[in-house]
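Structure first, commentary second.
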Amino acid sequence: MFKNIATIIKRNYACNHNNNILNILKSGQVGTEIVVQGWVKSMRNQKENVFIDINDGSTDKKLQIFIPQKITPYGVNTGSSIRVMGVLKHSPKGQLELNAENIDLIGECVLSKGYPFMPRKQYTLEYIRQYLQFRPRTNKFSSMLRVRSAANLAIHNFFCNEGFLNVQSPILTSNDCEGAGEVFKVIPESKEIIKSMIKEGLSLDEGFFNTKAFLSVSGQLHLEAACHGLGSVYTFGPTFRAENSRSRLHLSEFYMLEAEKAFIENIDGIMKIIESLLKSITQNILDTNQADIEVSSESPQSDFHWLDKKFNVLTYDEAVKILENNKNKYKEPFDTNDGFAKEHEIFLVSHLGNIPTFVINWPKNMKPFYMREFSDNTEKVSALDLLVPNVGELVGGSLRENSYEKLKEKIPEGTNLDWYLDLRKFGGVPTGGFGMGFERYIQFITGITNIKDVIPFPRWPHNCSL
Ligand SMILES: NC(=O)C[C@H](N)C(=O)O
């Protein structure tokens with residue numbers, strides 16, 4: 001009988017960290033001696049033997065372990081962590097099974113001490129959200145995390161294949177890119193530093209960096225600087241918005257994928273990149289993680305019929321007409337001065353066959369200062385929103401204002417963006433780009449309703465303790 005890992009290694013078990021359950025099930029090498037480590041998902045005790053389902057996070061699948069009752073250590077139960085040594089066999093039903101020779105209990109999991117998940121019980125995402133520290137070990141949430149990880153990889157692969165360079169935009173910044181006043185301000189916390197700043201007569205707000213500093217709401221402006229030199233660039237990282245919203249689609253900290261391309265004269269070029277990005281990454285995730293999409297999904301079956309359809313394109317004016325002609329089909333009254341409410345966005349996409357829909361040519365007063373005006377209609381900008389089922393707006397983008405004079409006029413006062421204007425003064429080129437909310441994308445493909453359930457540790461008003 002082997003008592004610990006050292007003995008096992010001596011016995012030449014295939015103790016290899018790549019030997020996770022995903023690889024074991026894929027290779028299916030019956031007769032091989034292996035070591036598996038993970039968490040007990042369920043247990044069935046028979047008179048002589050015990051069946052244990054173990055999962056190690058590498059896949060949604062579980063490996064069944066078969067072990068005689070008399071060598072199962074006391075304390076192994078649902079939720080506990082174990083190390084198992086044994087030989088891979090086919091069960092009488094033909095499924096791969098590990099015939100265990102030894103189990104080590106690594107960490108016990110005593111329900112009566114307050115573990116919030118009982119064996120064999122299904123929990124709602126809302127219940128699970130109360131225990132963020134334990135969420136990654138639940139079936140639904142771990143599947144979502146694998147989808148998220150696959151999406152992350154697919155995004156980098158897509159941009160690499162398209163010749164885009166990955167550039168890290170700063171998190172600390174002095175600009176409020178969107179001009180919406182939704183920034184979080186950053187000031188030092190250390191009493192020592194504050195004392196020395198006061199001594200030097202510096203203000204707490206601006207003294208540390210000689211300017212106010214905020215957590216970035218968007219990497220776009222810095223990405224534009226990188227674009228004027230590297231051509232095609234993207235950034236993918238956390239962004240922060242101090243919106244007082246607890247909606248199912250807003251977070252205070254979220255991941256955003258942003259891309260910028262130089263020498264681009266036409267919004268069609270941007271739409272083309274977005275459409276092929278969405279189709280390519282979604283197909284990639286389906287190829288590798290379809291089962292995880294199904295496990296994490298809240299809707300009975302996520303619908304991917306849009307993958308082989310051309311995305312719709314409407315002008316803002318056409319979208320308004322559709323809304324005005326269909327007033328009885330949605331509840332929230334539509335007013336052109338307020339823009340589209342979430343319900344209007346979702347109605348528009350469903351009205352158009354639930355195919356992702358670009359809305360282009362927006363009124364200037366509804367969009368930020370950096371968007372390019374049409375030369376023959378200065379009341380409209382060459383902007384786009386991409387609306388998708390379940391989520392509404394998923395992507396926002398535009399051609400960027402490349403006229404130095406126009407941009408200078410439009411930059412809000414007191415923003416200290418001379419460096420951004422300089423991009424148009426010295427070797428400026430026409431550029432365009434877009435940003436996609438990563439969590440909203442995960443909601444779109446999994447059908448998960450609440451954005452707090454598609455990020456490992458969600459932050460929203462009054463919630464940042466874990
Ligand atoms: N990069 C982008 O176009 C995204 C845009 N700055 C936004 O945050 O909505």
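Order of listing sets the numbers, starting from 1, for every ligand and every atom in it.
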Problem set entry | Partners passing side-chain hydrogen bond (donor to acceptor under 3.5 Å, both in side chains) against N361 (at least two apart in sequence or in another chain) | none

Problem set entry | By salt bridge (charged side-chain N to carboxylate O under 4.0 Å, His left out) - contacts of E345 (at least two apart) | K342

For this session: With sequence neighbours excluded, tell me which residues meet salt bridge (charged side-chain N to carboxylate O under 4.0 Å, His left out) with R248.
Result: none

For this session: Taking only heavy atoms of the protein into account, state which residues are under 4.0 angstrom from an atom of ligand 1, in chain and number order.
Result: E178, S218, Q220, R241, M256, E258, Y370, G396, R400, F434, G435

For this session: Mark yes or no: R424 above the aromatic ring of Y420, with NZ or CZ under 6.0 Å from the six-membered ring centre and no more than 45 degrees from the axis.
Result: yes

For this session: Compute the centroid of each ring, for F159 and then for Y234, and state whether the two points are separated by less than 6.0 Å.
Result: yes

Problem set entry | N/O donor-acceptor pair under 3.5 Å between S143 side chain and K140 backbone | no

